Structure formats: C-alpha cells, structure tokens
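Quick note on labels: first sequence line is chain A, next is B, and so on, each numbered from 1. Keep in mind the model is a prediction, meaning the values are calculated, not measured.
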There are 2 protein chains.
Amino acid sequence: MKTMTISKIAKEAGVGVETVRFYERKGLVDQPPKPSSGGFRVYPIETAEQIRFIRQAQELGFSLHEIKELLALRTDPTTDCADVREQAQTKLDEVKRKVAQMKGIQTALEKLIAACPGEGALQVCSIIDAIETPETNRTEQKNKEGEKS
Amino acid sequence: MKTMTISKIAKEAGVGVETVRFYERKGLVDQPPKPSSGGFRVYPIETAEQIRFIRQAQELGFSLHEIKELLALRTDPTTDCADVREQAQTKLDEVKRKVAQMKGIQTALEKLIAACPGEGALQVCSIIDAIETPETNRTEQKNKEGEKS
DNA sequence: CTTGACTCCGTACTACAGTACGGAGTGTAT
DNA sequence: ATACACTCCGTACTGTAGTACGGAGTCAAG
C-alpha cells in the first residue's frame with residue numbers, strides 16, 4: 001500500500017477530493033499533519049473507512065452535525081465512560097425516534113401501494129388521495145391557530 | 001368562507017405566507033390572477049389542500065422536484081395509475097433499506113451502552129463497524145482504478 | 001380619512017452539503 | 001530535467017428549501 005494521498009483516500013471512500021477536504025474543514029475527519037520533511041499529507045486508511053461511515057450515516061438521515069457527534073463517541077477514549085454512555089443514550093433515543101418515523105413512512109407507502117389498483121386512470125388511483133387526506137398518519141399537526149376564519 | 005387571501009391559505013395549510021409564495025415561484029402551486037377589478041389575489045381552497053399534499057409528500061421523503069412531478073401526474077388525465085404507483089414503490093424500497101440500516105446503528109449503540117461498565121475508559125466503540133461492514137450495501141464501488149500501486 | 005393590517009414583488013439572506021477554480025508548490029515517470 | 005499529475009489552500013459558486021426585508025399598494029374599521 002502506497003502512501004495514501006488525499007486522492008487515494010477519496011477514491012477509496014468513493015467521494016471526491018474536495019469532499020474529503022470539506023469534511024476536514026467541518027471537523028468530521030482529521031487532517032493529518034504535513035510531514036515535517038515537507039511534501040503532501042499522508043492519510044491513514046481509516047480515514048476512508050470513516051468517510052464511508054459518514055456517507056452511510058447520511059443516507060440514514062443523520063446530518064453532518066449529528067454524525068460528528070456520533071464519531072465523537074468513538075474518538076473519545078479519554079473521557080469517562082459515563083459521558084460517552086450518556087451521549088450514546090441520547091443518540092440511541094434519536095435513532096429510535098428516526099426508526100419509528102421511517103417505519104411510519106414505510107407503512108404509509110405500503111398502504112398506498114396496496115390500495116393502488118396497479119393500472120387504470122388516475123381517477124381511481126388512491127395514492128394521491130391518500131396523501132391528500134391522510135387519516136392514517138395524523139401524527140403531528142402543529143395547529144396552534146385559533147380558528148380565526 | 002371569506003375571500004381567501006394568501007395568508008388565509010397559508011394558515012389553512014399550516015405554512016407561512018412566504019412559503020406559499022415560494023411554492024408559487026417553484027411552480028408547485030398556481031398563482032391565481034390578480035382580479036381585473038384590482039386588489040388582492042383570491043385563492044381557491046384547493047390551494048391549501050395542495051400545500052398540505054406537498055408537506056405530506058415531503059414527510060414521505062419526496063423532494064419538491066419529485067412532488068412537482070407527482071402533482072403533474074395528478075393533473076394529467078392521461079396518467080396511468082401505474083406511474084404513480086411506481087414512484088411510490090421506488091420510495092418504499094429506499095425507505096425499507098434505510099430502516100434496515102438504521103436498525104444496525106441502533107443495535108450498535110445499544111451494544112455500546114451495554115458494554116459500557118458505567119465508568120472507566122472506553123476502548124472501542126464500533127459504531128463505525130456497525131455500518132461499515134454490512135455485506136448488504138456494498139452496492140456501488142466505483143473502483144475503476146487499475147491497481148496503480 | 002386616517003391608521004393599521006395585510007398584499008405584492010423583488011431581492012437578499014440563511015443553513016446545509018457539497019463542487020469548482022485557480023495559482024503556487026511538490027512528486028514522479030520518462 | 002522537464003513535463004505532467006497531483007497537492008494545498010482560499011475563495012467562490014451550486015442546488016435545495018425555505019425565511020426575511022422593505023417599499024409601495026390596498027383593504028377594512030373606527
């Protein structure tokens with residue numbers, strides 16, 4: 001394995017060089033120091049792993065900010081376990097909430113598809129209507145309005 | 001029912017006036033013409049319905065662009081139900097995949113918390129490993145590099 | 001008939017997540 | 001030893017989804 005330059009890492013991780021730099025700027029990945037001997041920065045392979053993790057987590061609906069926190073849990077052997085544990089618990093709650101939400105969406109979509117005849121004119125297609133009049137997922141409704149008609 | 005002005009519509013739909021205008025600019029809702037007699041635009045109540053549809057669809061994970069397409073399908077009498085169904089199915093697949101991965105993270109966090117004795121230093125948190133190694137999603141790997149080691 | 005609330009419209013700004021650019025420095029293959 | 005590819009770094013630009021602002025016009029109540 002050759003000296004891992006930023007472009008090698010980027011390729012390994014399936015992102016562009018600029019994206020790697022962007023994550024560095026955002027503090028999501030460490031920027032290795034420039035060799036005192038001069039020349040280009042040398043990256044540990046783990047950086048590529050880490051970037052893949054970031055992309056995965058993003059797809060799961062985590063923001064870069066949240067991912068940073070997630071990564072902090074890992075990069076924190078110095079802190080007392082209790083702290084890490086607490087953060088992990090917070091994240092866990094968050095994740096559970098997200099899973100629940102996702103499942104709600106999944107169910108909603110499944111219902112829509114099941115109710116759809118599969119072909120025919122849109123008049124009878126229930127998907128649109130179902131989204132329009134969703135009795136099924138009246139989960140949150142921020143109606144703080146006072147009927148000021 | 002009073003003359004529906006933009007703020008009434010916005011309130012009806014649970015969004016801000018600026019958001020209604022934004023959707024108008026984006027072509028997601030029609031802007032009614034200014035009355036020839038002068039004065040303010042009068043909105044049909046359906047506009048509020050439509051905006052609620054937009055927000056619902058957003059919660060289902062559709063982007064405004066996708067929603068615009070959905071809306072176009074709806075107003076196109078030649079649309080076959082299957083078209084709509086297909087889009088929903090695509091989203092469903094996406095959501096299902098995400099739920100599965102999310103659960104991976106959930107498990108990882110649960111393990112981490114369980115493994116944490118409550119205090120003391122923490123060696124390893126394999127949150128990264130939790131989604132880093134899933135055989136399930138080695139889907140795209142744009143390795144067109146020719147082993148340029 | 002004046003005041004205050006609301007409309008209209010354009011422009012500008014925000015946050016997020018990148019992507020692109022350009023010039024100077026550096027590494028390496030031929 | 002020179003060309004070419006790549007790095008480094010800052011700045012600027014992109015797209016998405018809004019949110020805010022400010023001035024001019026309009027409406028409705030007192």
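- B/Ile45 and B/Ile54 fall within a single hydrophobic cluster, where Ile, Leu, Val, Met, Phe, Trp and Tyr are joined by side-chain heavy atoms under 4.5 Å apart, directly or via other members.
- Of the side-chain N and O atoms in A/Ser7, none sit less than 4.0 angstrom from OP1 or OP2 of D/dC6.
- Nucleotide C/dG27 holds its C1' atom 17 Å from the CE atom of A/Met4, rounded to whole Å.
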What string of B, S and - do you get for nucleotides 14-21 of chain D 5' to 3' if you count protein non-hydrogen atoms under 4.0 Å? ---BBBBB
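- For B/Arg41, a side-chain nitrogen or oxygen approaches OP1 or OP2 of C/dC9 to under 4.0 Å.
- When rounded to the nearest whole Å, the span between CD of A/Glu24 and P of D/dT7 equals 12 Å.
- For the side chain to side chain contact (heavy atoms under 4.5 Å, CB included) criterion with A/Phe22, the lone passing option out of A/Val17, A/Leu28, A/Leu64, A/Val15 is A/Leu64.
- What separates CZ of B/Phe40 from P of D/dC27 is a distance of 6 Å, to the nearest Å.
- As rounded to whole Å, 13 Å separates atom P of D/dT7 from atom NZ of A/Lys34.
- Proximity of B/Glu12 to B/Glu49: side-chain heavy atoms (C-beta onward) are nowhere separated by under 4.5 Å.
- Taking the ring axis of B/Phe62 as reference, the NZ or CZ atom of B/Lys91 stays within 45° of it and closer than 6.0 Å to the ring centre.
- Within 6.0 Å of the CG atom in B/Asp93, the count of heavy atoms belonging to other residues, nucleotides or ligands exceeds 12.
- The shortest distance between side-chain heavy atoms of B/Leu70 and B/His65 does not fall below 4.5 Å.
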